[in-house]
Amino acid sequence: MARPDELTFAPLGGVGEIGMNLSIYGLGNRHQRSWLAVDLGVSFGDEEHLPGIDLIMPDIRFLEKERNNLMGLVLTHAHEDHFGAIIDLWPKLQCKVYATKFSAALFEAKCAAERNPPKIPVTVVPSGGRIELGPFTVEFIPVAHSIPESHALAIHTSVGTVLHTGDWKIDPTPIIGLPTDERRLRELGDEGVLALVGDSTNAVRDGRSPSETEVAATIKKLVGAAKGRVAVTTFASNVARVKAVADAAKAADREVVVVGRAMERVVQVARETGYLDGVQNFRGADYYGHFPPDKVLALCTGSQGEPRAALARIANNDHPQVTLNKGDSVIFSSRTIPGNEKAVGSIINGLIVQGIEVITDRNDLVHVSGHPRRDELRDMISWVRPQILIPVHGEALHLSEHAKLARAAGVPKVMTCRNGDLVKLGPGEPGIIDELPSGRLYKDGVILEDSKSRAVVERRRMGFAGCAFVAIAMTEQGELAEDPEVDLVGIPEKNTAGELIDEIVFDLVVSTVEGLPRARRRDADATAESVRRAVRAVIAENWGKKPICLVHVLTV
């Protein structure tokens, strides 16, 4: 007798971390499953641990192998941690992509900014709409979040319905877009929900997240009270916040100047899709200097301390069009993402030293999260009443707290999992039944490398201990043809006694070569290895660190 179809879930990114989201759902038996992918996002590199790496993406080799069984990729919303890897990874999958209007338009603008993007077909789905993808019926349910058109996905199957929440919160007055659709979520609960796969980002925070309307009121008050120039930085994708800033500027009789490409792109897409209807036109950065200080507001990128973004350049006084002076104000209408604290702190300190007033969410309600706090998580559970709850979108602490809360709220089965775990949701007893290949890909320039990338490992070592380059020319008889060349990169010039390290290394190279037996000197590889070991040892003796050492021996 044929075994009944199983419904399975596996995170390939976004569990045990915040970012790089990729979830897959499978329907079928162990030999043949249809797959549905939800989101395909990035995390951002950390210069300290991953020098030169801009983006980190999920390893999709499992989906590549299952490409013929992949029904499609469905997007919950257009934040980088949910759709930022599509341009790089889609060519490996070649599947159809489904998104609502704003997400599709922002993706199109993102592709247009690339040099040679692949032609990726995106099917636009109406908010609240349904699509049939093989054995899956996917319903887009509006939820409030910090970008227009965020959706939870109700994935209907023969085995049961899964609610994949995406990023969400409860905000009855979200400024832009629809509030979370409580009525439809309650209906789903009445129909029966097998599993809830839910956002855990703020599971450690009690109470409820304040509304965007409250933030708008604070920004209006602060901009109205400002005497000099005002700069506001926020996540470019937060269109509700952009509108709040624009309304505050209008009330204070200030012109809005948009500074930064990412902000310009989102503003353009928001206007095209109707989300900034009735909002005054903004000016380009080249207009900034034309207005008196009390008549201008700069809306800037760079809330996360990105070194090339507008705010960092303004703080360093090297932006070609935008300057701030003593008595001006900067409002950070954002939360610092973990890992960016140093970069943001450096910009804030730089601004304060210049006599600029800096306002953050530490002292005023200038930002609210787009994710649910504990009371909102309880509400979602009470509306949906799932049989199973799986926390995702969070680090270990967030997942653990979400799981505890769900158990206390009476969810029959609560399961935590890791990236790569294949979880059987039904029929029968749920549990982890397999481990799929998972991992990370690093974007290094235009190349995608896996986590064992030689370049990343060596770059980290070079950053710590520098590099010594030695070039030696030998005759066929095994004599030095001329003086060796020594080049030390990232290594101190002098030792503690004040002696030049490159001279010490030069003398050592000559004595090492001349001290080798003649037969060994005729072997270029043996000579190079002897010199390499000696150079590393002498630099360690004089500096206390062993550099990478590259020796090139040429026979002339």
(request) Taking the side chain as every heavy atom from C-beta outward, state whether L27 and V159 have any pair of such atoms under 4.5 Å apart. (result) yes

(message) I want to know whether H402 and H393 have ring centres closer than 6.0 Å.
(response) no

(request) Measure the spacing between CD1 of I86 and CE of M57 and express it to the nearest 0.5 Å. (result) 11.0 Å

(message) Which label fits H145 and H77: parallel for a plane angle under 30°, tilted from 30 to 60°, or perpendicular past 60°?
(response) perpendicular

(message) Can you tell me how far apart CG (D421) and CZ (R418) are? Round to the nearest 0.5 Å.
(response) 5.5 Å

(request) Taking all heavy atoms of A99 and all of L75, pick out the closest pair and write down the distance. (result) CB-CD1, 4.0 Å

(message) Apply side chain to side chain contact (heavy atoms under 4.5 Å, CB included) to residues R385 and V193 and explain how you reach the verdict.
(response) CA-CA 7 Å; R385 304 187 299 284; V193 169; over 6 Å; no

(request) Assess whether salt bridge (Lys or Arg N to Asp or Glu O under 4.0 Å) is satisfied between K413 and E429, documenting all intermediate values. (result) CA-CA 9 Å; K413 183 80 177 180; E429 183 64 19; 3.3 Å; yes

(request) Kindly state each residue pair satisfying side chain to side chain donor-acceptor pair (under 3.5 Å) with at least one member in residues 89-107, sequence neighbours excluded. (result) T100-E149

(message) Any side-chain to backbone donor/acceptor pair from R241 onto T234? Under 3.5 Å, distance only.
(response) no

(request) Please check if atom NZ in K443 has more than 12 non-hydrogen atoms from other residues, nucleotides or ligands closer than 6.0 Å. (result) yes

(request) With salt bridge (Lys or Arg N to Asp or Glu O under 4.0 Å) as the test, would you mind laying out the steps for K243 and E212 before giving the verdict? (result) CA-CA 11 Å; K243 182 178 187 304; E212 278 292 335; over 6 Å; no

(message) Between F62 and W35, is the ring centroid distance below 6.0 Å?
(response) yes

(message) If you apply the rule side chain to side chain contact (heavy atoms under 4.5 Å, CB included), what do you find for L405 with R374, and how did you get there?
(response) CA-CA 8 Å; L405 181 147; R374 293 172 68 82; 3.7 Å; yes

(request) Might you work through the side chain to side chain contact (heavy atoms under 4.5 Å, CB included) test for E264 and F282, ending with a clear yes or no? (result) CA-CA 10 Å; E264 288 166 7; F282 301 158; over 6 Å; no

(request) State plainly whether the residues D444 and R459 are in salt-bridge range, i.e. N to O under 4.0 Å. (result) yes

(request) Identify the two heavy atoms, one from I170 and one from T180, that lie closest to each other, and give their separation to 0.1 Å. (result) CA-OG1, 4.3 Å

(message) I'd like to know if the side chain of S23 reaches the main chain of P11, judged simply by a donor and an acceptor atom lying under 3.5 Å from each other, with no hydrogens or angles considered.
(response) no

(message) Under a 3.5 Å distance rule, please check whether T273 uses its side chain to pair with a backbone N or O of V269 as donor and acceptor.
(response) yes

(request) Of all the heavy-atom pairs spanning R271 and D277, show the shortest one and how long it is. (result) O-OD1, 4.3 Å

(message) Return the CD1 to CG distance between I24 and L63, rounded to the nearest 0.5 Å.
(response) 5.0 Å

(message) Between the side chains of R186 and D190, is the shortest nitrogen-to-carboxylate-oxygen separation below 4.0 Å, so that they form an ion pair?
(response) no

(message) When you measure from the side chain of N419 to the backbone of V15, do you find a donor-acceptor pair of N or O atoms at a distance under 3.5 Å?
(response) yes

(request) Heavy atoms only: give me the nearest I331-L222 pair and the separation to one decimal. (result) CD1-CB, 4.1 Å

(message) Tell me whether R373 is salt-bridged to D206, with the criterion being a basic N under 4.0 Å from an acidic carboxylate O.
(response) no

(message) Given 3.5 Å as the limit, does a donor-acceptor pair link the side chain of E306 with the main chain of Q304, or not?
(response) yes

(request) Apply side chain to side chain contact (heavy atoms under 4.5 Å, CB included) to the pair S209 and H371, showing each step before the final yes or no. (result) CA-CA 8 Å; S209 187; H371 301 273; over 6 Å; no

(message) When you compare the side chains of D171 and S211, does any donor N or O come within less than 3.5 Å of an acceptor on the partner?
(response) yes

(request) Would you name the heavy atoms of D5 and P427 that are closest together and state the gap between them? (result) O-CD, 3.2 Å

(message) Let's go through E401 and K404 carefully: what are the C-alpha distance in whole Å and the side-chain angles of both, what is the deciding distance for salt bridge (Lys or Arg N to Asp or Glu O under 4.0 Å) to 0.1 Å, and is it a yes or a no?
(response) CA-CA 5 Å; E401 288 299 315; K404 279 185 207 163; 3.3 Å; yes

(message) Any carboxylate oxygen within less than 4.0 angstrom of a Lys/Arg side-chain nitrogen, looking at E139 and R184?
(response) yes

(message) Under a 3.5 Å distance rule, please check whether T233 uses its side chain to pair with a backbone N or O of F332 as donor and acceptor.
(response) no

(message) Strictly below 4.0 Å, N to O, side chains only: are D199 and K169 in salt-bridge contact?
(response) no

(request) May I ask you to decide if F136's main-chain N or O and T157's side chain share a donor-acceptor pair within less than 3.5 Å? (result) no

(message) Looking at every non-hydrogen atom in both residues, tell me the closest pair between L399 and S200 and how far apart they are.
(response) CD2-OG, 3.8 Å

(message) Looking at D434 and R30, is there a salt bridge between them, counting it only when a charged N and a carboxylate O are closer than 4.0 Å?
(response) no

(request) Decide whether a cation-pi geometry holds between R33 and Y25; the criteria are a distance under 6.0 Å from NZ or CZ to the six-membered ring centre and an angle within 45° of the ring axis. (result) no

(message) salt bridge (Lys or Arg N to Asp or Glu O under 4.0 Å) for E114 and K110? Distances and angles first, verdict last.
(response) CA-CA 7 Å; E114 293 280 320; K110 184 178 163 71; 5.4 Å; no

